[in-house]
There are 2 protein chains.
Amino acid sequence: MRVTIAEVARRARVSKTTVSRVLNNKGDVDAATAIRVREVIAATGYTPSAGAVGLARGRTQTVGMLVPGLTWPWMGDVLQGVSDVLEARGYGLLLHTVNRGEQSLTQFQRHVSANAFDGLLLVEPPDTLSYITSLHEGGLPVVMIDDRGHHPGFPSVATSNDKGAADAAAHLLTLGRTRLAMVTGPAAFGCTRDRTAGFHGAAANAFDPALTAEGDFTRDGGQAAIEELLAKNVEFDGVFAHNDLMAVGVLDGLRAAGRTVPDDVAVIGFDDISIAEHTQPALTTVRQPSREMGEAAATMLLAHLAGETPPEEPLVVPTSLVIRESAPAV
Amino acid sequence: MRVTIAEVARRARVSKTTVSRVLNNKGDVDAATAIRVREVIAATGYTPSAGAVGLARGRTQTVGMLVPGLTWPWMGDVLQGVSDVLEARGYGLLLHTVNRGEQSLTQFQRHVSANAFDGLLLVEPPDTLSYITSLHEGGLPVVMIDDRGHHPGFPSVATSNDKGAADAAAHLLTLGRTRLAMVTGPAAFGCTRDRTAGFHGAAANAFDPALTAEGDFTRDGGQAAIEELLAKNVEFDGVFAHNDLMAVGVLDGLRAAGRTVPDDVAVIGFDDISIAEHTQPALTTVRQPSREMGEAAATMLLAHLAGETPPEEPLVVPTSLVIRESAPAV
DNA sequence: CTGAAAGCGCTTACAG
DNA sequence: CTGAAAGCGCTTACAG
């Protein structure tokens, strides 16, 4: 019993063409006619069928989004940013997860081939960069939310990993700390390289590369890393962890070893996930602007769909230092 | 340059009808013909256009999902469960957020009218129950993931709020605690009623209703509530908080007041969000099976779409007690 | 300013 | 077992 454009046309005593015109404000329509059509539309509650419009126009007004999984703490923020922008612009959001590996990708591929969306937003699932690149080269508008420092060959949104890490180092120096340690992410990640370089550069002599341990971005990995550092028996009074989850492990490891934070050792994390303000002591951290990155990526993709040429360089949304108790203000 | 069914038909020297038949394994097709068609499909990488199929069949193979927002800690788990099931069954997931109030709802309404999806899954946004009910009555298949104990008049998935709370009480009794307090959610929430009733029933005499404070499901609200309780100067040695976020506030408030957890006061939360295992001490909590609820809801909706009659009663996915240090095993 | 007709890419009776 | 034709609900040249 769905009302169609034909029904509206019949009731308004005009052609479907005319109804379509007033619907899309395209071409001139006699004022009185337009009013009559609008009245019928209002009275019937008519809404054009998304599927039919999409088929006729060759555009779905829908954007696909591909993410590795939904359980990372900051993923919800990214999604929220994306969702807000798309919704405000009348676009739908078709969400895809790569939680089941190959199978997931096959399903996703099917949706791509089926032209189910006009453009793609993504946070890169493991080992899919070349696949995504091929989609982009095949003509699909793509914008990547680059949390790994990949600097891909297509439009992307990133954050200031280097600057954020430098800010962390600078803050530790301000606190008078002179022997700084670092717990990094996996060496293969671009963001690990960027954060390491930024920290190293700003900390200068206060940082001894020997006081570096590689973690895996998990809490347990962070704890293991700090234990490794403590076992070296080299003094340090400040630690920068490449993400908050590891920083939580660092905090626990330090406590277990009898060190007080921040008195003995100041600790700074990266991300500002919701846990950060609830640790003991509350964690000072470099805030990653997840939501803003989502908004920026969606905005960029829509501009691309509207015909604008996307920027060559990654769009960088800056980090900001959030000062809490684990590395307090001076 | 998209390859269409017409192109496949031409290359295989058959009609579109026949191609459609082998695509959907419908009706008998000569074995040799079918093979020929399949070869062309494989060679061209043909995938039917989602929009065209949807228009012709009157079904989009897409499910809509409406959520209040993406930043609640357990929402990612719900979504992941939903996403896994839909994907495995070849359905798309169209995500809608009600982050911008009325405007969001208007946009959502438009998607509903536009027949953009076959069925709807939702976690209820504030004050939308009557609207959702009208959609359901209007014929849209709906399944609600009921985190609030609403017991709506349409299919839903819930968890054992009462039983979970009773388990918390029983565990505290097992630990020998005899004066139990409770920090509840807002009184208007169905789950608050259910958790209160379950706890009260199982704790019996050990629970004094005077030792109840109402919180708002936030960390700060939990801390305020425990301070209110402490100010009463009535002894208690166990606290059950209606969610983990408030339990974190309880932990902090207790620490500030010089009480030791769990020695002086044992604490149990509800949800088992990721923060729970990282608090000091780690939080014992009633695990809410968010992901399983998402899976169950999606499964139920797909069954409904396939023609099955959905159950009258809410499907209850059971909670489970996760024992950690804040209320350890005996 | 307006409408008839073709077309978007499929599916599905219907006829053979 | 197979195909021509109509139909799903729109949009868009084209003609007037």
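Every chain is numbered from 1, with letters handed out A, B, ... down the list of sequences.
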(message) Quick check on D/dT11: is either OP1 or OP2 less than 4.0 Å from any side-chain nitrogen or oxygen of A/Ser20?
(response) yes

(request) Would you mind reading off the distance between A/Glu7 atom CD and D/dC8 atom P, rounded to a whole angstrom? (result) 13 Å

(message) What is the distance, to the nearest angstrom, from the CG atom on B/Asp118 to the C1' atom on D/dC8?
(response) 14 Å

(request) Let me know, please, whether B/Leu55 or B/Asp30 comes out on the 5' side of the other along DNA chain D by nearest nucleotide. (result) B/Asp30

(request) Using atom CZ of A/Arg21 as one end and atom C1' of D/dC14 as the other, report the distance to the nearest whole Å. (result) 11 Å

(message) Tell me the closest heavy-atom pair linking A/Ser160 and A/Pro318, and the distance in Å.
(response) OG-CA, 3.5 Å

(request) Please determine if a side-chain N or O atom of A/Lys16 lies less than 4.0 Å away from the OP1 or OP2 oxygen of D/dT11. (result) no

(message) Closest approach to the side chain of A/Val14, judged atom by atom: which nucleotide of C/dG3, D/dC10, D/dG3 is it?
(response) C/dG3

(request) For B/Gln61 and C/dC10, give me the distance from atom CD to atom P, rounded to whole Å. (result) 15 Å

(message) Distance check needed: C/dT11 P versus B/Asn25 CG, whole Å only.
(response) 12 Å

(request) Using atom CZ of B/Arg59 as one end and atom C1' of C/dG9 as the other, report the distance to the nearest whole Å. (result) 20 Å

(message) Which is more 5' along DNA chain C, the nucleotide nearest A/Thr33 or the one nearest B/Arg57? Just name the residue.
(response) A/Thr33

(message) Under 4.0 Å from OP1 or OP2 of D/dT2: is there any side-chain N or O of B/Thr18 that close?
(response) no

(message) I want to check something: taking the side chain as every heavy atom from C-beta on, are A/Glu7 and A/Thr4 in contact at a cut-off of under 4.5 Å?
(response) yes

(request) Figure out the OH/C1' separation between B/Tyr46 and C/dG9, and round it to whole Å. (result) 7 Å

(message) Do A/Val14 and A/Val37 make a side-chain contact, defined as non-hydrogen atoms from C-beta onward lying under 4.5 Å apart?
(response) yes

(message) At less than 3.5 Å, do the side-chain atoms of A/Thr17 and the base atoms of D/dT11 form a donor-acceptor pair?
(response) no

(message) Please compare A/Ala56 and B/Asp28 by the position of their nearest nucleotide in DNA chain D and report the one closer to 5'.
(response) B/Asp28

(request) On the 0 to 90° scale, with breaks at 30° and 60°, tag the B/Phe108-B/Phe117 ring pair as parallel, tilted or perpendicular. (result) parallel

(request) Kindly say if A/Arg2 contacts the phosphate of D/dC10, meaning a side-chain N or O under 4.0 Å from OP1 or OP2. (result) yes

(request) For B/Gly294 and B/Ile145, work out which heavy atoms get closest and say how close. (result) CA-CD1, 4.2 Å

(request) Measure the distance from CG on B/Asn24 to P on C/dT11 and round it to the nearest whole Å. (result) 5 Å

(request) Would you indicate, yes or no, if D/dG9 has its OP1 or OP2 atom less than 4.0 angstrom from a side-chain nitrogen or oxygen of A/Ser49? (result) no

(message) When both hydrogen-bonding distances must be under 3.5 Å and the geometry is Watson-Crick or G-U wobble, what is C/dC1 paired with, if anything?
(response) D/dG16

